[in-house]
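Worksheet: the structure to be examined is printed underneath.
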Amino acid sequence: MDIGETFRMAFSSLRANKLRAILTILGVAVGIFSITLIMTIITALQSSIESGVSALSKNTFQIQKYPAINMGGPGSRAKYRNRPDITLEDYERLDELLTSAKYIGAEEWQFGEQVQYEGDETNPDVSVAGITAEAQNTNDWIVEEGRPINEGDVDRANPVCVLGADVKDNLFPPHINPIGLTVKVSGRPLQVIGYYEKQGDMFGQSRDNFVAIPIGQYHRMFGVHRRSVNITVQSFGDEDYDEVIDEARGHMRTIRKVEPWDEDDFEIFSNESMLEEMNEITGGVEIGAMVVGFIALLAAGVGIMNIMLVSVTERTREIGVRKAIGAKKRNILTQFLSEAVALCLLGGAIGIALGVGLGNFAGSLLNAQAAAPFGWIVGGLLICVAVGVFFGAYPAYKAANLDPIEALRYE
Amino acid sequence: MNIIDIRNIFKIYEIGDVKVHALNDVSLRIDKNEYVAIMGPSGSGKSTLMNLLGCLDTPTSGVYNFTGENVGEMDDNDLAEIRNREIGFIFQTFNLLARSDALHNVELPLIYAGVSASERKERARKALIDVGLEDRVYHKPNELSGGQRQRVAVARALVTRPSIILADEPTGNLDSKTGREIMALFNEIHGQGNTVIVVTHEEDIARHAMRVVRLLDGKIEIDEPVTNRIVPEPVA
Ligand SMILES: Nc1ncnc2c1ncn2[C@@H]1O[C@H](COP(=O)(O)OP(=O)(O)OP(=O)(O)O)[C@@H](O)[C@H]1O
Ligand SMILES: [Mg+2]
């Protein structure tokens with residue numbers, strides 16, 4: 001008897017007891033579902049991050065007071081808060097010292113601001129970036145029309161601004177060219193000198209809903225010492241990237257007078273380091289999902305065993321008949337084992353389908369690309385087989401060892 | 001050579017303190033192509049003997065040589081194989097799989113014999129035609145009459161072309177006409193050179209055989225040839 005035959009028989013005997021099979025399957029489905037759902041979301045997010053919509057542009061790293069993703073426990077925030085702010089002076093020193101970098105920019109961000117033009121206004125959800133000229137290079141903000149903020153604007157803290165694509169679209173109808181017009185950003189009149197190309201979304205959030213202004217102007221509007229400055233650095237290429245990071249770290253330590261035995265009082269992060277941190281988080285979630293899934297599968301397995309035991313008892317006469325006409329022990333064993341495995345596989349398939357489906361739905365809400373965690377799908381099905389074999393073993397063994405005469409006489 | 005050779009067989013059931021001698025020192029030899037009827041009152045041990053002969057049950061003591069081999073020394077797998085290949089067993093209570101149609105029931109022994117699916121279906125269908133059930137192939141047991149079920153059971157026993165047929169009261173549940181049809185079938189099988197052993201408590205049925213073995217309280221009381229044998233009309 002080949003495998004196909006065995007499973008056809010198994011499925012037809014499950015069909016004979018649909019409701020019971022469905023209920024049993026449900027348990028397995030939930031277990032596998034919880035694993036695949038989380039794995040799908042994680043895979044979707046990861047592949048989105050990895051496939052280019054990176055947080056930072058190519059060969060760029062950022063120096064900040066706070067880490068990009070804070071994973072420390074309670075109290076860790078305080079540790080970062082007590083660090084001295086990174087000031088514009090720190091940035092200027094670094095700009096002088098770090099000659100090996102292609103671009104070094106500084107930026108500060110104010111969130112939840114409003115931009116007005118005559119009677120119209122945006123929602124109060126626009127970010128205002130106070131920047132130096134090179135921050136536009138490190139951020140890959142490319143001016144579509146008009147001109148970028150230049151050194152002169154930054155030196156003189158000119159009251160000018162460059163609009164992000166969303167702000168331009170929200171505030172002006174398509175036929176109006178905003179360049180040369182004066183808008184009010186957080187109540188301050190600034191002249192529009194250009195607008196940037198659209199960058200698109202990441203994680204469901206637009207990256208075009210901002211206004212860039214010279215950092216000196218930003219300080220006039222929002223105060224000098226409100227927030228630490230972020231420094232973004234771009235190297236010339238891949239080869240010197242790590243070197244530039246090391247040099248930048250050394251210079252920052254000098255500038256901020258960090259004693260040799262103290263650790264950095266700033267964070268340097270790159271796309272790689274963010275990915276690593278992301279992976280650390282997702283790794284934790286993965287383990288959590290596995291624990292939940294494992295417990296669910298354990299419960300489901302006990303359910304399978306129970307159902308299979310009931311089934312063996314109910315079908316004692318059938319087993320007797322089969323043995324009487326020549327079924328060997330292993331025939332009966334495989335029959336009941338394959339029924340248990342079939343139950344688990346059905347449940348697993350349902351769980352996987354739901355998990356991948358809902359996972360991708362959740363992922364799409366976060367604007368992640370559709371993904372299927374193939375490793376986990378195959379793994380999930382293997383786990384199902386294992387659960388079926390493990391929990392089906394005892395009932396099947398019991399069935400296989402029934403005495404044919406006793407079984408035939410069973411009422 | 002004796003196809004069946006049992007010597008000093010005892011089958012003793014102990015229920016509490018009471019010992020039931022279902023078979024009490026039974027010895028019996030049956031040759032190839034014999035046609036034997038086993039008779040006796042209810043509880044005399046007929047079914048017990050048949051189960052032993054069919055390698056379904058093991059004796060408490062005694063030796064059973066089946067085609068020259070000692071059954072007592074065989075393991076479960078060997079016994080399963082003998083049941084599958086050599087013996088066609090027709091049970092007193094049919095013992096069909098309730099959830100499977102006639103075709104699948106008849107196919108079953110071939111599945112365990114490792115016959116390919118296509119050949120299996122063909123042979124099962126043919127066996128059903130042979131017992132006159134060509135238009136009941138896809139009926140489940142509960143959609144068949146008692147006689148039709150009996151015939152499915154016969155088809156299942158014959159489909160593997162066993163050399164020995166063991167039938168435990170094959171006509172017990174049938175009206176006399178269907179009973180005669182079944183007996184005609186057995187006559188035909190016997191005519192093909194096979195060994196047939198039939199349990200019955202009806203003298204008319206026993207007279208189809210060539211030899212009658214009478215049991216009483218687990219012992220063979222009489223073992224004699226049939227003198228006034230009935231040879232049924234062949235099935236149409
Ligand atoms: N599993 C068992 N446990 C205890 N006693 C049994 C068992 N099987 C059979 N017996 C006893 O063995 C004796 C013979 O039983 P058996 O079934 O062989 O009778 P039988 O000749 O086939 O009767 P019937 O014509 O009614 O079918 C009976 O007395 C029965 O009570
Ligand atoms: Mg009986």
Side-chain angles (χ1 to χ4, degrees), chain A residues 1-21 307-308 310-339 342 396-411, chain B residues 11 13 22 47-48 50-52 54-59 75-101 104-118 120 140-141 152-153 155-160 162 166 168:
Chain A
M1 247 197 313
D2 57 289
I3 291 188
E5 174 89 49
T6 312
F7 273 93
R8 256 197 307 285
M9 273 170 66
F11 280 113
S12 80
S13 111
L14 295 186
R15 259 201 305 279
N17 239 319
K18 282 196 202 72
L19 182 63
R20 182 200 283 175
I307 284 304
M308 290 313 294
V310 170
S311 168
V312 168
T313 309
E314 272 184 358
R315 289 156 66 190
T316 300
R317 276 186 74 94
E318 174 193 325
I319 295 163
V321 171
R322 287 176 185 275
K323 291 197 120 184
I325 60 172
K328 295 183 176 153
K329 271 187 187 175
R330 70 178 141 81
N331 297 131
I332 304 293
L333 195 76
T334 37
Q335 182 191 340
F336 281 88
L337 264 187
S338 58
E339 272 177 39
Y397 173 84
K398 218 180 133 184
N401 281 292
L402 284 176
D403 180 70
I405 279 293
E406 305 269 310
L408 280 174
R409 205 169 278 147
Y410 183 84
E411 295 292 338
Chain B
K11 182 72 184 180
Y13 295 106
S47 293
T48 308
M50 286 297 259
N51 291 340
L52 280 168
C55 296
L56 275 169
D57 211 352
T58 45
D75 66 16
D76 287 352
N77 273 349
D78 297 333
L79 292 175
E81 200 147 329
I82 286 189
R83 289 197 293 266
N84 187 244
R85 289 184 198 284
E86 309 287 343
I87 297 169
F89 210 113
I90 300 157
F91 296 92
Q92 197 168 0
T93 49
F94 315 137
N95 281 330
L96 300 175
L97 295 191
R99 293 184 307 198
S100 304
D101 59 23
H104 186 73
N105 266 292
V106 177
E107 253 186 284
L108 216 51
L110 297 177
I111 291 180
Y112 296 121
V115 176
S116 77
S118 54
R120 219 160 62 205
K140 298 206 169 133
V152 174
R156 184 180 66 187
L158 300 184
V159 76
T160 53
L166 300 175
D168 193 352

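A note on names: the letters A, B, ... follow the listed sequences, proteins ahead of strands, and every chain is numbered from 1.
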Looking at [atom1] of [X] and [atom2] of [Y], how far apart are the two atoms once the value is rounded to the nearest 0.5 Å?
| X | Y | atom1 | atom2 | result |
| --- | --- | --- | --- | --- |
| B:Leu56 | A:Lys323 | CG | NZ | 10.5 Å |
| B:Arg99 | A:Arg315 | CZ | CZ | 5.0 Å |
| B:Asp76 | A:Lys329 | CG | NZ | 4.0 Å |
| A:Leu408 | B:Phe89 | CG | CZ | 8.5 Å |
| B:Ser100 | A:Glu318 | OG | CD | 7.0 Å |
| B:Leu97 | A:Ile325 | CG | CD1 | 7.0 Å |

Self-check item: B:Asn95: side chain to side chain donor-acceptor pair (under 3.5 Å) partners, not counting sequence neighbours
Solution: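 B:Asn95 satisfies side chain to side chain donor-acceptor pair (under 3.5 Å) with A:Arg317 only.
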Problem set entry | Exercise: identify the closest heavy-atom pair between B:Ala80 and A:Ala327 |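 Between these two residues, the closest heavy atoms are CB-O, 3.7 Å.
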Check your understanding: Looking at B:Tyr112 and A:Gly326, what are the two nearest heavy atoms and their distance?
Key ->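 Smallest interatomic distance, heavy atoms only, reads CB-O, 3.7 Å.
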Check your understanding: Tell me, side chain or backbone of A:Arg322 under 4.5 Å from chain B's heavy atoms, or both, or neither?
Key ->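 Answer is both: backbone and side chain atoms of A:Arg322 are under 4.5 Å from chain B.
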Do the side chains of A:Arg409 and B:Asn51 get nearer than 4.5 Å, heavy atoms only?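 Counting from C-beta outward, B:Asn51 and A:Arg409 do come under 4.5 Å.
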- Item | Which portion of B:Arg156 sits near chain A, non-hydrogen atoms under 4.5 angstrom |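 Only the side chain of B:Arg156 comes within 4.5 Å of chain A.
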Output the residues of residues 398-405 of chain A for which the shortest heavy-atom distance to chain B is under 4.5 Å, in residue-number order; output 'none' if no such residue exists.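 Within residues 398-405 of chain A, the residues under 4.5 Å from chain B are A:Pro404, A:Ile405.
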